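Data block below; observations after.
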Amino acid sequence: MSENQNVDYSASNITVLEGLEAVRVRPAMYIGDVNERGLHHLVYEVVDNSIDEALAGFCTKIDVQINEDNSITVEDNGRGIPVDMHEKEHRSALEVVMTVLHAGGKFNKNSYKVSGGLHGVGVSCVNALSDHMIVNVFRDGKVYQQEYSKGKPLYAVKEVGTTDKRGTKITFHPDGTIFTVTEYKYDTLLDRMRELAYLNKGIEINITDHRELKEDGTPLRADHFFSEKGLRDFISYLDENREKLMPEAIYIEGERKGIPIEIAMQYNTGYSENLHSYVNNINTHEGGTHLAGFRSGLTRTLKSYADRSGLLQKAKVEITGDDFREGLTAIISVKVAEPQFEGQTKTKLGNAEVRGAVDEAVSEMLENYLEEHPTEAHTIVDKVILAARARQAARKAREMVQRSNVFSSAGMPGKLADCQSNDPAECEIFFVEGDSAGGSAKQGRDRRFQAILPLRGKILNVEKVMRHRAFESEAIRDIYTALGVTVGTPEDPQALNLSKLRYHKVIIMTDADVDGAHIDTLMLTFFFRYMPELIENGYVYLATPPLYLVKKGNKQVYCWTEDDRERALMEFGDKGIHVQRYKGLGEMNSDQLRDTTMDPEGRQLRQVTIENAASADRIFSLLMGDDVPPRRAFIEANATYANIDA
């Protein structure tokens with residue numbers, strides 16, 4: 001044992017955190033993290049309380065505002081938090097709710113039958129993690145108010161006026177000493193408010209950003225949401241860029257074992273499964289028993305119908321559960337009185353009884369739908385059979401990819417100029433547009449750790465084709481082989497094996513024009529759909545070649561933007577200036593390409609990172625239309641899915 005180690009361990013070493021102090025010391029335990037995700041989670045916690053009032057039947061309108069100082073105001077027209085004296089705590093119930101952990105109305109089912117807030121820590125956590133909060137309650141014709149700083153009340157609850165409205169208004173400013181970022185993203189909050197409006201039909205939700213104003217002084221961004229059809233409107237929104245296989249979504253609504261269940265599902269011509277599950281309006285990203293129940297009920301019912309119809313016997317193909325969900329978009333929403341979540345952030349449902357309830361509801365109501373809509377039923381079964389055939393073809397194509405990797409360097413693509421190092425951590429590969437640029441890149445690279453693989457034109461748009469078509473593409477097989485990546489295990493045929501990944505920097509280097517942008521987007525789409533782990537691990541980059549070379553005499557400067565070019569022209573003066581516009585990498589000689597785009601000391605790279613996979617399918621569905629400016633479509637969607645960091 002080290003001499004410096006303290007061996008005296010006694011009661012004096014035990015620390016007890018009082019009140020909300022525990023939240024401030026360990027905030028990630030309560031809100032997930034102290035980055036962007038946790039920051040926005042504060043808003044969700046407050047809004048969820050208003051939604052709970054709506055579920056109880058007392059609230060019809062919720063207003064969310066981002067204020068000029070980046071504080072948040074949430075106001076509803078519910079009953080208003082009680083302000084009378086709490087019998088046990090001997091202080092106002094409002095103060096108890098706002099400052100005491102595990103205090104709230106969600107424990108008493110006479111107040112809320114179902115709710116999103118269950119642990120009684122939501123709004124009190126928001127209070128603890130805010131450097132300032134003010135609450136106004138409108139009840140019984142009066143306005144009550146209390147302010148807090150870092151979870152501590154600044155004064156007792158007091159009456160500050162009269163009113164003819166009812167509800168609660170909470171304004172809070174996140175504590176900059178807790179959060180690494182304190183600026184709210186409007187689009188992130190917008191997505192959640194839209195989601196809540198669809199999940200709770202008949203409730204009006206407004207969101208306004210006061211940080212940017214028009215010339216007339218009104219907010220630049222403000223949105224209003226109200227849905228009459230709920231999940232049916234939601235699924236139309238999610239699938240608006242996909243080609244549907246049936247005119248109307250399948251809608252299931254009912255109650256089983258005391259659990260209200262609402263499901264909307266739609267098949268489309270795509271090849272991905274897009275399932276969105278919610279419990280009491282909470283997006284359970286990791287699924288849980290309700291999602292398991294939906295899958296089992298769907299698979300069993302469709303399999304039974306396909307067997308009875310005789311379509312499977314004619315097809316002579318083996319069906320698996322995944323085949324029934326290919327091209328399916330579905331939203332599963334359940335309301336559970338006592339849900340058991342994994343952790344405060346509630347990403348996975350654990351109630352065993354919910355699985356049986358959802359399974360039963362899906363089986364019964366989907367069975368009725370299939371019998372009443374034979375045309376749509378046959379269309380679905382045909383889609384399932386097609387998926388099964390494609391899966392088998394994809395397995396054979398994957399085996400081809402596996403075999404090509406077995407032979408190591410002997411099986412490498414012929415145009416790959418590999419590097420000398422065998423250490424993946426220091427090695428990088430450039431996927432370069434065209435043979436001309438590939439030739440310059442090969443001459444300008446550092447052979448010790450830089451590999452070059454020229455791309456012949458545009459790779460396959462994997463968003464438009466089935467998986468086996470992608471694996472049959474020679475260009476895509478070359479990418480797998482060059483990277484040393486294999487696909488599929490006996491347990492999981494879709495699993496990606498990165499154990500033999502040969503490069504920890506995968507750099508897409510294309511021309512700075514529309515074709516280059518298209519190739520960038522197609523490559524990023526491929527990596528997202530087939531190798532998402534590369535993006536998650538931070539291995540994927542976009543190279544940024546310069547647009548101009550400005551020269552005057554012996555002086556020269558590279559320019560990446562129009563602003564750079566204007567600054568260079570002003571610096572050099574009016575006369576004797578030569579401006580070269582690089583229309584493509586092939587116009588740059590090896591020295592220029594090395595100095596600007598390949599040399600780790602002088603280049604500009606943008607790292608591609610995944611932030612919110614929940615919205616990914618909407619973003620990449622933009623690629624289904626070739627007329628969409630591709631790089632713009634990818635980058636403009638940063639706020640909801642992928643971010644390219646400068």
Side-chain angles (χ1 to χ4, degrees), residues 199 201 229-236 238-239 242 244-270 272-279 284 287-336 349 351-389 391:
L199 291 167
K201 54 188 175 185
K229 296 182 180 179
L231 295 194
R232 282 171 285 194
D233 289 337
F234 197 1
I235 206 163
S236 295
L238 291 174
D239 264 6
R242 301 187 180 103
K244 303 174 183 61
L245 288 180
M246 54 190 71
E248 297 290 335
I250 302 172
Y251 182 68
I252 296 172
E253 185 176 22
E255 185 171 316
R256 294 291 185 279
K257 300 179 181 179
I259 301 171
I261 299 167
E262 188 178 7
I263 297 171
M265 50 187 287
Q266 173 78 268
Y267 277 93
N268 55 69
T269 57
S272 59
E273 169 191 354
N274 304 292
L275 302 185
H276 306 263
S277 61
Y278 300 86
V279 176
T284 46
T289 52
H290 55 323
L291 188 57
F294 169 78
R295 284 174 167 160
S296 61
L298 175 78
T299 300
R300 187 177 61 257
T301 305
L302 287 179
K303 178 72 162 57
S304 174
Y305 180 86
D307 285 334
R308 293 199 312 271
S309 67
L311 295 174
L312 282 186
Q313 289 84 346
K314 294 179 183 178
K316 297 180 180 180
V317 66
E318 183 181 348
I319 304 293
T320 69
D322 289 340
D323 300 327
F324 289 102
R325 298 189 298 274
E326 185 173 291
L328 173 66
T329 300
I331 308 165
I332 304 98
S333 177
V334 298
K335 302 291 194 298
V336 184
L349 182 69
N351 299 62
E353 72 277 7
V354 176
R355 174 169 183 161
V358 175
D359 188 331
E360 182 181 322
V362 171
S363 298
E364 179 181 329
M365 297 183 192
L366 183 57
E367 180 78 28
N368 294 337
Y369 176 88
L370 295 173
E371 295 296 338
E372 295 170 5
H373 300 80
T375 302
E376 288 82 357
H378 278 239
T379 301
I380 293 172
V381 174
D382 287 342
K383 170 74 173 176
V384 171
I385 292 172
L386 183 64
R389 288 173 174 162
R391 174 177 47 79

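Everything quoted here is computed from the prediction, not taken from an experiment.
Take K201 and apply the salt bridge (charged side-chain N to carboxylate O under 4.0 Å, His left out) test, not counting sequence neighbours, and it matches E253. Every side chain to side chain donor-acceptor pair (under 3.5 Å) that E262 has, sequence neighbours left out, goes to Y251.
Rounded to the nearest 0.5 Å, atoms CD (E372) and CD (E367) are 10.5 Å apart. I250 CD1 to R232 CZ: the interatomic distance, rounded to the nearest 0.5 Å, is 13.0 Å. Here K244 contributes atom NZ and T379 contributes atom OG1; the two are 15.0 Å apart, rounded to the nearest 0.5 Å. The line from CE of M265 to CD1 of I331 is 11.5 Å long, rounded to the nearest 0.5 Å. T289 OG1 to E353 CD: the interatomic distance, rounded to the nearest 0.5 Å, is 7.0 Å. Atom-to-atom distance recorded for I252:CD1 and F294:CZ is 7.0 Å, nearest 0.5 angstrom.
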Using distance only, find each side-chain donor-acceptor pair of residues 298-305 under 3.5 Å and give its atom names and separation, not counting sequence neighbours.
from : atom 1 : to   : atom 2 : distance (Å)
T299 : OG1    : R295 : O      : 2.9
R300 : NH1    : D359 : OD1    : 3.4
R300 : NH1    : D359 : OD2    : 3.4
R300 : NH2    : D359 : OD1    : 2.4
R300 : NH2    : S363 : OG     : 2.5
T301 : OG1    : G297 : O      : 2.7
K303 : NZ     : D307 : OD2    : 3.1
S304 : OG     : R308 : NH1    : 2.9

Side chain to side chain contact (heavy atoms under 4.5 Å, CB included) for L275 and L328? Distances and angles first, verdict last.
CA-CA 8 Å; L275 302 185; L328 173 66; 4.1 Å; yes

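Across every non-hydrogen atom of A388 and D323, the tightest pair is CB-OD2, 3.5 Å. What you find for I261 and A357 is that their closest heavy atoms are CD1-O, 3.5 Å. Taking every heavy atom of both residues into account, A264 and I235 meet most closely at O-CD1, 3.4 Å. The nearest pair of heavy atoms linking Y267 to F324 is OH-O, 2.5 Å.
By the 4.5 Å heavy-atom criterion applied to side chains, N274 and L238 are not counted as neighbours. The shortest side-chain heavy-atom distance between V336 and H290 does not fall under the 4.5 Å cut-off. Between Y369 and E376, the closest side-chain pair of non-hydrogen atoms falls below 4.5 Å. Put simply, the side chain of I263 reaches to within 4.5 Å of the side chain of V358, judged on heavy atoms. Residues D322 and R325 have side chains in contact (heavy-atom distance under 4.5 Å, counting atoms from C-beta outward).
For R256 and E360, the salt-bridge test passes: some basic side-chain N is under 4.0 Å from an acidic carboxylate O.
At distances below 3.5 Å, at least one donor-acceptor pair connects side-chain atoms of S277 with backbone N or O atoms of T284.
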